[in-house]
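Read the structure below first, then the notes.
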Amino acid sequence: SQQGEEDPQALSIQEGENATMNCSYKTSINNLQWYRQNSGRGLVHLILIRSNEREKHSGRLRVTLDTSKKSSSLLITASRAADTASYFCATDAQNTGFQKLVFGTGTRLLVSP
Amino acid sequence: KAGVTQTPRYLIKTRGQQVTLSCSPISGHRSVSWYQQTPGQGLQFLFEYFSETQRNKGNFPGRFSGRQFSNSRSEMNVSTLELGDSALYLCASSLSRGSPLHFGNGTRLTVT
């Protein structure tokens with residue numbers, strides 16, 4: 001399968017704690033993106049990091065990218081109950097003229113009040 | 001600006017029937033992609049259209065097809081439905097190559 005792998009598959013934390021999710025992928029990439037999905041709904045784009053970037057921040061989100069290890073991590077700081085969702089990484093492969101993302105298997109995050 | 005709109009939201013069909021799903025992208029977005037999401041296989045790329053041309057297709061049988069109209073609206077069609085086609089079908093639009101995808105809320109297809 002071309003899918004990336006994410007771990008953990010599920011994560012349960014308390015409000016106020018930090019949540020870290022990891023993603024590994026298989027091919028050379030142009031960029032890596034993180035998306036959130038609330039149950040049964042569409043995906044919402046969170047953050048995009050390009051292959052020449054190592055770290056990126058957006059509000060409470062911090063993403064790192066290690067292209068030598070083909071891995072990325074997403075850190076959500078000071079989690080809230082509203083952060084409860086599934087989180088997916090998605091890679092945009094190099095040397096393609098078209099738009100195709102390969103999604104990871106996802107991490108289900110549960111944030112308890 | 002209106003988001004990506006998918007219709008219908010839910011569909012129940014019988015094996016052997018065919019189905020057409022519709023997607024209206026964000027105004028100005030010319031790239032429309034389709035993904036299938038199932039518990040077992042996760043999110044799988046179906047195809048991408050740009051300016052009415054299919055630029056790439058995922059590893060799905062020929063029963064899955066699509067098209068894009070001059071106003072960028074897109075449809076996908078699944079013929080001779082099988083039980084395994086039950087899934088959430090997601091449409092996404094983007095402004096350009098390499099920019100984030102904007103997803104609709106999907107069409108939940110159940111095949112009985």
Side-chain angles (χ1 to χ4, degrees), chain A residues 1-7 9-10 23-53 56 58 61 63 65 74 85-108, chain B residues 3-7 9-10 21 23-26 29-51 53-60 68 72 74 87-110:
Chain A
S1 167
Q2 291 183 317
Q3 271 190 321
E5 295 290 326
E6 292 184 58
D7 79 272
Q9 287 189 319
C23 165
S24 61
Y25 58 91
K26 298 179 181 178
T27 63
S28 296
I29 60 171
N30 284 321
N31 64 63
L32 185 143
Q33 304 175 35
W34 286 89
Y35 289 82
R36 183 188 75 225
Q37 184 179 36
N38 290 87
S39 181
R41 312 281 288 184
L43 283 77
V44 175
H45 178 261
L46 295 176
I47 196 166
L48 181 153
I49 185 166
R50 303 196 185 283
S51 60
N52 61 353
E53 298 176 307
K56 201 160 184 180
S58 177
L61 305 180
V63 168
L65 178 65
L74 170 68
S86 291
Y87 291 80
F88 296 88
C89 66
T91 52
D92 186 359
Q94 280 185 340
N95 302 321
T96 64
F98 45 82
Q99 180 84 292
K100 172 187 174 183
L101 295 184
V102 176
F103 283 87
T105 49
T107 293
R108 293 189 312 277
Chain B
V4 177
T5 304
Q6 290 189 247
T7 57
R9 186 80 176 89
Y10 300 95
L21 313 181
C23 172
S24 293
I26 291 173
H29 287 192
R30 292 161 65 190
S31 171
V32 174
S33 305
W34 290 87
Y35 290 81
Q36 180 198 63
Q37 186 176 30
T38 60
Q41 298 298 316
L43 281 151
Q44 302 279 316
F45 172 79
L46 277 158
F47 24 66
E48 187 227 0
Y49 287 87
F50 184 87
S51 294
T53 301
Q54 185 183 91
R55 294 203 291 196
N56 192 33
K57 186 174 181 183
N59 189 25
F60 280 83
Q68 186 181 33
S72 292
S74 178
L88 180 66
Y89 289 88
L90 293 162
C91 168
S93 71
S94 65
L95 192 58
S96 63
R97 173 80 173 79
S99 58
L101 298 186
H102 298 263
F103 283 85
N105 281 324
T107 294
R108 172 76 62 185
L109 172 65
T110 302

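Proteins get letters first, then strands, A, B, ... in listed order; numbering begins at 1 in each. Just so it is clear, the model here is predicted, and its values are computed rather than measured.
Note: B/R9 leads B/Q6, B/H102, B/R108, B/R9 in heavy-atom pairs under 4.5 Å with chain A. Among B/S31, B/G106, B/G3, B/G98, the residue with the largest count of heavy-atom pairs under 4.5 Å with chain A is B/G98.
Contacts between B/F45 and chain A at a heavy-atom distance below 4.5 Å involve the side chain alone, from C-beta outward. In this structure, the portions of B/L101 lying under 4.5 Å from any heavy atom of chain A include both its backbone and its side chain. At a 4.5 Å heavy-atom cutoff, the contact between A/L101 and chain B is made by backbone and side-chain atoms alike.
The 12-atom threshold is exceeded at CD of B/Q54, counting heavy atoms of other residues, nucleotides or ligands nearer than 6.0 Å. The 12-atom threshold is exceeded at CG of A/N52, counting heavy atoms of other residues, nucleotides or ligands nearer than 6.0 Å.
Taking CG of B/L90 as the start and CZ of A/F103 as the end, the distance is 8.5 Å to the nearest 0.5 Å.
Between A/L43 and B/Y35, every side-chain heavy-atom pair lies at or beyond the 4.5 Å cut-off.
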